[in-house]
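Note sheet for the following structure.
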Number of protein chains: 2
Amino acid sequence: MAKTTIADVARLANVSVSSVSNLLNDRSQRMRPATRKRIQDAIEQLGYTPSFAARHLKTGHSPFIGLIVPSVADPFFGSFARYVEEAASEKGYQVLLGNSDRDPEREKAYAEMLWGSGVRGIIFGSSLVKFDHLESLYREGMQFVSFYRSTHHGDQFSADTIGVDNIQATRLLTKHLLALGHRRIGFISGPTDMICRLDRVAGYTTTLNESGIDVDQQLIWEGDHPSPGKASAYLELGRQGAHYLLSLPDPPSAIIAINDMHAFGVYAGARDLGVIIPDDLSVAGIDDIVVTDIAVPPLTTIKQPIHDIARLSVERIIDRMEGNEFQEAIHRILPSTLLVRESTTNFAGRSNH
Amino acid sequence: MAKTTIADVARLANVSVSSVSNLLNDRSQRMRPATRKRIQDAIEQLGYTPSFAARHLKTGHSPFIGLIVPSVADPFFGSFARYVEEAASEKGYQVLLGNSDRDPEREKAYAEMLWGSGVRGIIFGSSLVKFDHLESLYREGMQFVSFYRSTHHGDQFSADTIGVDNIQATRLLTKHLLALGHRRIGFISGPTDMICRLDRVAGYTTTLNESGIDVDQQLIWEGDHPSPGKASAYLELGRQGAHYLLSLPDPPSAIIAINDMHAFGVYAGARDLGVIIPDDLSVAGIDDIVVTDIAVPPLTTIKQPIHDIARLSVERIIDRMEGNEFQEAIHRILPSTLLVRESTTNFAGRSNH
DNA sequence: CCGGGCTAGTGTATCGATACACTAATCCTG
DNA sequence: CAGGATTAGTGTATCGATACACTAGCCCGG
């Protein structure tokens, strides 16, 4: 019951605590195999595990990384969290999870708690347009890696960013729909307080412009902030957006939603109004969350390489924490791919109404 | 950049470190208001935050709780994790997340890492039938609370269990389907290595028996373990199960799936075979995950009070960690409710084939 | 056979907070 | 006004590991 310490091991193995410590920290090059074995046996016998608290107190760093996402109840971030945890645990790190609901105050409070707990690196699963609230922590030495922040908008400090090209994502979707003959394409966005969202809107508008189509601002629906904590909030927003767009005098024949949850909300909204997908309306999302391919109809979407992103994020944050502090920030963009499924189809002309 | 310590504060406020520590730990009853203010000002001025590592080393406990779930990529556990984190952070605790894939080895390894990190309490989001692999940790003083483990099967030690009555859950579903006229009701279970699953199967079989219907073992499909890490694994299992059950010489007219993800797999499997839900086949799940009500058709399911369960779990684990160690284990069952939606309907007689 | 260099370790101050045993100064109370 | 009780603190050993400055013993060259 009483915790066994490094001293207990040293006593049993008849060596000094220093030697045990050296072995534990891979500084045992110049140690006789016999001695090494004695120590290892003692560790085994006592079931000794080092105290991270003591180690942390002495060395100043802990085997923890922070992960802040809007909400793990969102299937997309749930998957992301899962991969982050997996990669971290392979490297001997543990993940402290925080849900921010995209609230800068909560993000800041959380990050500060983490700092107090000895965490020196945080992965953000999503980022607000402004990063200012984290500047003071950065000054103290906290390291950041941010997923989902494709472009850097003159931040005051250097955080790694890893993600997909969000502009490219909506560009692919918009081109796909244009190729199917759609000309009035709606966009359901939610609040554009995050960089990924701004980029996604931009990809949509620039692609339309390049194709000689004027962007009709009426076709861009920007929802309010959802009430925090409700996993179904995005569905509801998508539904509201669909109601709005489909009730326009000249409604769109296709809708791009900012993510798959919003897209499924569009499914519900369309059903409310008796609009059939894909016959009357093509719908596309982004993320490829777990249920997209068994939805009815299966959802056309953009698949993000979130497994790779998670692993890379973990590698980077550990690199940064383990000392190579003043290296340049990296801004890595990984490719995303268009998955064409049955929710998008050829524009069949304006249905009679 | 250099961390400010309790000694810095004491120096600035012209008191001893003991006094600062006393203030920080609410032992300042007998301290002059003026002194208290001096200390508080010094803390403010220096931006001092206590080192959790040092505190932990001295006191033996840390502000962390562990949360082990099969996978946060599963929307159900994602929601659960979200609520656990919320409740914990309100109480000043942080959540360390682990994904076990229901592998006892991984559970054990994870729990031991947590112990080494100073974590003295773990919430399990799901539990394996056997808890033996955790016994040695329990001996050392680790506390456990387990969600989803409705009955206690003679464990060697006392862990709190909080959850829903899984027997009752499938009982409600089975009765509902019987009331609709269904007599051949299939059950898709996945491996029955977890208590909640055993209970769910039991609720189904006993209810059938009580109604004078012989349980046809052919109608119970037990899938293999899914490949770890794949969020879509349950969908695939449900699909396989549906293929099997619907290809029987005398197929069921209704299927209960062990959870909603499996149920959506049944949706996919039914579609593969041209079976229409609910006309040809009624389907019901358990969990009420986020997309159930916008599925086509919306899924009849059992809603678990997972928000309450999460909060209660956090309260209990903190209680247990904070010393009242040898209190009795509690076994709390919270009510779950049947949500009837459009995926279940009256048995219409055997469709011609 | 002396001394420099190497091997295989050892001894101990230290990280930052806490807990417990102290004590100086003041206040009663008989 | 002696002396016990109370108030408002203080001093320091301690938690468990690490880092760095040591050193005992041996080898080998000159």
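Letters A, B, ... are given to chains in the order of the sequence lines, protein chains preceding strands, and every chain is numbered from 1. All values derive from a computational prediction rather than experimental measurement.
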Subject >> Set of side chain to side chain contact (heavy atoms under 4.5 Å, CB included) partners for A:Ala7, sequence neighbours left out >> reply: A:Thr5, A:Arg11, A:Val17
**OP:** Heavy atoms under 4.0 Å is the rule here; annotate nucleotides 9-19 of chain D 5' to 3' with B where the base is hit, S where only the sugar-phosphate is, and - elsewhere.
**Re:** SBBB-BBBBBB
**OP:** Return each pair, listed once, that meets salt bridge (charged side-chain N to carboxylate O under 4.0 Å, His left out) where at least one residue sits in residues 109-119 of chain A; pairs must be two or more places apart or across chains.
**Re:** none
Subject >> Where at least one partner belongs to residues 44-57 of chain B, residue pairs that pass side-chain hydrogen bond (donor to acceptor under 3.5 Å, both in side chains), sequence neighbours excluded >> reply: B:Lys3-B:Thr49
Hey, can you pull the donor-acceptor pairs under 3.5 Å for the side chains in residues 307-315 of chain B, sequence neighbours left out?
{"unit_1": "B:Arg311", "atom_1": "NH2", "unit_2": "B:Glu90", "atom_2": "OE1", "d": "2.4"}
{"unit_1": "B:Arg311", "atom_1": "NH2", "unit_2": "B:Glu90", "atom_2": "OE2", "d": "3.3"}
{"unit_1": "B:Ser313", "atom_1": "OG", "unit_2": "B:Ile309", "atom_2": "O", "d": "2.7"}

**OP:** Would you work out how much the helix from C:dC1-D:dG30 to C:dG30-D:dC1 bends between its ends, with each end axis defined by five base pairs, to 10 degrees?
**Re:** 50°
Subject >> Residue pairs passing the salt bridge (charged side-chain N to carboxylate O under 4.0 Å, His left out) test where at least one lies in residues 12-32 of chain A, sequence neighbours excluded >> reply: none
Original post:
Listed by chain and number, what are the ring pair (Phe, Tyr, Trp, His ring centres under 6.0 Å) partners of A:Phe52, not counting sequence neighbours?
Top reply: none
What donor-acceptor contacts under 3.5 angstrom involve side-chain atoms of residues 91-99 of chain B, with partners at least two apart or in another chain?
{"unit_1": "B:Tyr93", "atom_1": "OH", "unit_2": "B:Glu322", "atom_2": "OE2", "d": "2.8"}
{"unit_1": "B:Gln94", "atom_1": "OE1", "unit_2": "A:Tyr110", "atom_2": "OH", "d": "3.3"}
{"unit_1": "B:Gln94", "atom_1": "NE2", "unit_2": "A:Ser117", "atom_2": "OG", "d": "3.2"}

